[in-house]
Each structure stands twice: as structure tokens, then as C-alpha cells.
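First comes the structure, then the notes that go with it.
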There are 2 protein chains.
Amino acid sequence: MPAREQNDECPEQGRSQRLYERLIAQIAEGDLLPGTKLPSERTLAKELGMSREMVRGALSRLAAGGYIQSAQGRASRLCNLMAPHLQLPLEGLGDDLEFQLQVMEIRALLEGECAWYAAQRASDAELAVLAEEYALMYERGKSETTLAKARADLRFHMLIAESSHNLLLISFSQLFYERYFNAIYGVLSRTLKRFGRYPEGIRGQHAEIHRAIQARDAEHARRIAREHILYTRALLAAE
Amino acid sequence: MPAREQNDECPEQGRSQRLYERLIAQIAEGDLLPGTKLPSERTLAKELGMSREMVRGALSRLAAGGYIQSAQGRASRLCNLMAPHLQLPLEGLGDDLEFQLQVMEIRALLEGECAWYAAQRASDAELAVLAEEYALMYERGKSETTLAKARADLRFHMLIAESSHNLLLISFSQLFYERYFNAIYGVLSRTLKRFGRYPEGIRGQHAEIHRAIQARDAEHARRIAREHILYTRALLAAE
DNA sequence: CTTAAACACTTGGTCAGACCAGTTTGCAGG
DNA sequence: CCTGCAAACTGGTCTGACCAAGTGTTTAAG
């Protein structure tokens, strides 16, 4: 059907503007994730059956509004819209036990909420990706460095956050994990030093979080995600 | 010189973006007036030696930001940027003498400031337009209706505001004159009914405002613009 | 075997020309 | 003087081409 055929829903708005608004909606619904690449202009134009110029117009306005960032020669990326407005404090306290415990308290809250929504909203494809990542994490966890273990853990939880389809949870998670990576890594180091390995309780809880999300048991996913962190917190606080 | 020649001032920014910022600057400096038409895309492209698509990109982002309004088939127009944020009250009190006097008090302030800046900043072309409008106003003032007289007066003062090159004065003037036209027209009606004609004092003051601006006497222009209104106000308040 | 350079590919930035569709303006005819 | 129509003007969209910056892969040299 020719591109100019009157088959568009909102004829009083142009095609470029409608694409702009559709992309905004996708961002708001957590379908376009901060940090990820957009399809190229040519790809979008072909998929949507419109000219590259109309796509460029929409993307150009998204860039002007701070939603995406584009530069010649590389793919456009979604921005974290919370980043300009949120400066999380105390990055330098990564080694402080008391502060590490506070970070864990926020993790418990954050990851509980993410798990709750992910259990409800994750698409089948997202669940598949989650399962794959969990399997990899489990498999590689036997031989990795502490640093690699910490990164894998956050990747797993970031995937859960992304499956929540809540842009605020996703954005905050990104900033939180990035800012407090040292504290989180410090927690893992401390734990491994204390027990010589991942305590069985923790390993089992990871498995249970994963199972609860795959089973779409929101209540259970949230509870176990919280307990997972608070359990580790309690172990460390006993020092 | 080919359009792609590296002769642009800010090479790290694209041509479309630089045009966007240049137009924003022109708006901010009161050089592109709310309510006026922009040159067409084709005209701008030709004058600036760039493609129509680059011009469209810049204008599209201006429209998205609320600076201009464009629609198919008609020229793009500059928006009054203050309009969405300012709701002037009490439009329905146009016949109320007390309120009319209040409106005159604000006119005195507003028109004094506009005259002060216009005397300093009007370009020679703007002074010429002002002279022409004044001559027309004087000439037609002998035979026009009260309504037409009121319109002509506000056109004259709006031109002075535009010559001030202060976007806030220009924007506010537009909104103020539009909102309170009935009160201003009521003042003129009341004055003409009281004295049978424009009081000589008022006519002479119009002339003096005009002379002061043409002579670039800012101090005098402001004083006489204020006195012009306050004189009329005093006449009416004596009722 | 490692590193650096070259090449190919991908991507955004810009251009020219054409066509579509909505609006405005001017002119002719009644 | 009013109305209708045609032409011109304007923004919206499209196609194809080219430029330039960045990325990834391959090859050659040390």
C-alpha cells in the first residue's frame, strides 16, 4: 500500500510527528531501554514504510528533547532520563560496612519491586533471556573472579528491572548500580572472605527468585528478592 | 563556495543545529516578533545556502519546542512564548471606570519602558516604519471611528514595543493589549464623550513621544509616554 | 603471536529534485 | 461589489545520492 494512502490513524498529525509520539510512548512504557541502541534510521524507515527523512525528523526532535543521543557514524542511543536530575551521594564510601548495609537496604526495596513487576509483565522473550542469563551466571559462577561475579549479579538484576517495564525503576536501577558498584562489590568481597564461598542460602535464593519470576508469582518473587538481600545483610551485620 | 566547505564557525555542531540556535537567539533578542511570519523554508534555504531539509529540521525542532507554529499550506509563525504561562485576569471589566484606571496605570509603566528602550535600540528602518505609522495615524485620526482610533493607537504602541527589542516587553504588550482592548477602548470612548474630541494635551503628547523616540532621547521618551497616559487617567479620575 | 594499519561496512549528516496537499491571493465574470 | 476559480505559495513527504565519522574485521609486519 503506497505510503501516502490514507490508512493512518491520526490524519491531522503528520507521519513524522506520529512516529515521534509513538517512540515517546515506547520510552515511557519501558519498551525502549536507557542505554540501548535504536535501530538505524534506514532500518526504521524500511520497517515503518516511510521515508528516512520523516524518521530523521522524529529522531531529531527526540534528540532535541533529551530522549536520545545521536552522533554521526554510530547508532543513536536511548538516554537515561533520570540521570540529569539525580545525583546519588557518597560514592566514595564503598568500603564502609555501615554504608554497604544501607545500600543493601535500598537494594532490597528496589529489587523486590522490580521482581514483583517483572513477574507480572515480562514477555516470554524476556523470560527466555532471563533464564539464559541465569544459566550462564550459574555456570560461570564456579570459576569467575569476584569482580566478574559482582558484574554478573548486577546484569541479572538489571535484566529483571528491564522486565518490569517501569521506566522509573529501570532508570533508577541503572544509576543506583552504577553509582554504588563499589559498595556492592565490597559486599560480595566481604561475604566471600567471610565464608570462603557464596553461602548456600544466597545461591538458593537466586534460584528461587528466578523460579518465582519464571512462574509469574509476583508476591513470591518480591518476598524472596528482598529476603535474598536482607539475608546477606544480616550475615554481614553480625560482624 | 560549496555548501560543504569548512567555512562554518562551529564545526562540531551540524548546520541544522546551528540554524536552530541562531533562530533561538534571534527570538530571544526580539528580532523575530511573536505573531509574525517566518520566511518560507525554501527562502531560508536559498538565503542561507543550505538544503531545505536542514532548514526543515531546525524549524521542526523550533515547532516542537513551542517557539513557532507551522501548518501545511501556510507560513510558519512565531509564537508568543509568554502566552501559555500568563492568564491576565478580569477581561470582563472593560466598562468599569476603576478598572480602566488600573489598566492605565500599567499602560503608563509598560509604555514608558518600551519607549525608553525603543529610543535606544530602534533601527533606522524601525524608526522609519514608526514615523510612517504615526503620520498615518495622525492623518486618518480625523475621520475614523472610535474603534478604529483605538486600534490605531495600539498599533502605534505595539510598534514602539517591537522596537524595544526586549522579548518580554513585546510578549507582555501583545497579551496585555489583546486582553484589555475593551478597557482601553472604553477609556477612549469615555474621553471622547467627555470632551467631544481628543483633548489637545493628548494629541500633543503623542507627537512628543514620537519626536523623542525619533531623536533617540530615551529619558524624555519614557517620561512623556508615562505622562501621556497618566494625564488621560487624571482627566478621567476627576469624574 | 601480537599489534597496527588498511579496508569494508554501518551509521548519521547533507543535498537536490520531485511530487502531494492545504492555504492564500488575485483576477475575471456575473 | 461579490463570488468562484485558477495560479501561486507554503509545508509535508519521498527517493536516491553522496559525504563523513565511527566500528569491526582482516591482513601484514615485527
Atom [atom1] of [X] and atom [atom2] of [N]: how far apart are they, to the nearest Å?
| X | N | atom1 | atom2 | answer |
| --- | --- | --- | --- | --- |
| B/Q13 | D/dA20 | CD | P | 19 Å |
| A/L19 | D/dC14 | CG | P | 11 Å |
| B/K46 | C/dG17 | NZ | P | 10 Å |
| A/L38 | C/dG12 | CG | P | 8 Å |
| A/E53 | D/dG12 | CD | C1' | 9 Å |
| B/L44 | D/dC9 | CG | P | 16 Å |
| B/M54 | C/dG12 | CE | C1' | 10 Å |

Checklist entry - Between B/R216 and B/D124, is there a side-chain N and carboxylate O pair less than 4.0 Å apart? => result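 A salt bridge links B/R216 with B/D124.
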Item to check | Position toward the 5' end of DNA chain C (nearest nucleotide), B/K37 or B/S51 | outcome: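 It is B/S51 whose nearest nucleotide is closer to the 5' end.
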Checklist entry - Is the B/F156 ring parallel, tilted or perpendicular to the B/H206 ring (thresholds 30°, 60°)? => result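 Perpendicular.
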Item to check | Euclidean distance, A/L159 CG relative to A/C114 SG, rounded to 0.5 Å | outcome: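 Here the rounded value is 11.5 Å.
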Checklist entry - Are A/S16 and A/R61 close enough that a side-chain donor and a side-chain acceptor fall under 3.5 Å? => result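 Yes, because at least one side-chain N or O of A/S16 sits under 3.5 Å from a partner of the opposite role on A/R61.
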Checklist entry - Which nucleotide sits closest to the side chain of B/R42: C/dA16, D/dT13, D/dG12? => result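 Given the options C/dA16, D/dT13, D/dG12, the side chain of B/R42 is closest to D/dG12.
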Checklist outcome for this item: Among D/dC14, C/dG12, C/dT14, the one nearest any side-chain atom of A/E41 is C/dG12
Item to check | Inter- and intrachain pairs under salt bridge (Lys or Arg N to Asp or Glu O under 4.0 Å), touching residues 82-91 of chain B, at least two apart | outcome: B/E91-B/R179
Checklist entry - Between B/R151 and B/F181, is NZ or CZ placed under 6.0 angstrom from the six-membered ring centre and within 45° of the ring axis? => result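 B/R151 over B/F181 ring: yes.
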Checklist entry - In residues 55-80 of chain B, which residues come under 4.0 Å of DNA chain C by heavy atom? => result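 Per residue number, the list reads B/Q72, B/G73, B/R74.
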Checklist entry - Got a donor-acceptor contact below 3.5 angstrom from the A/Q214 side chain to the A/L127 backbone? => result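 Yes, A/Q214 side chain to A/L127 backbone: donor-acceptor pair under 3.5 Å.
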Item to check | Distance-only donor-acceptor test, B/R52 side-chain atoms vs C/dG17 base atoms, 3.5 Å | outcome: no
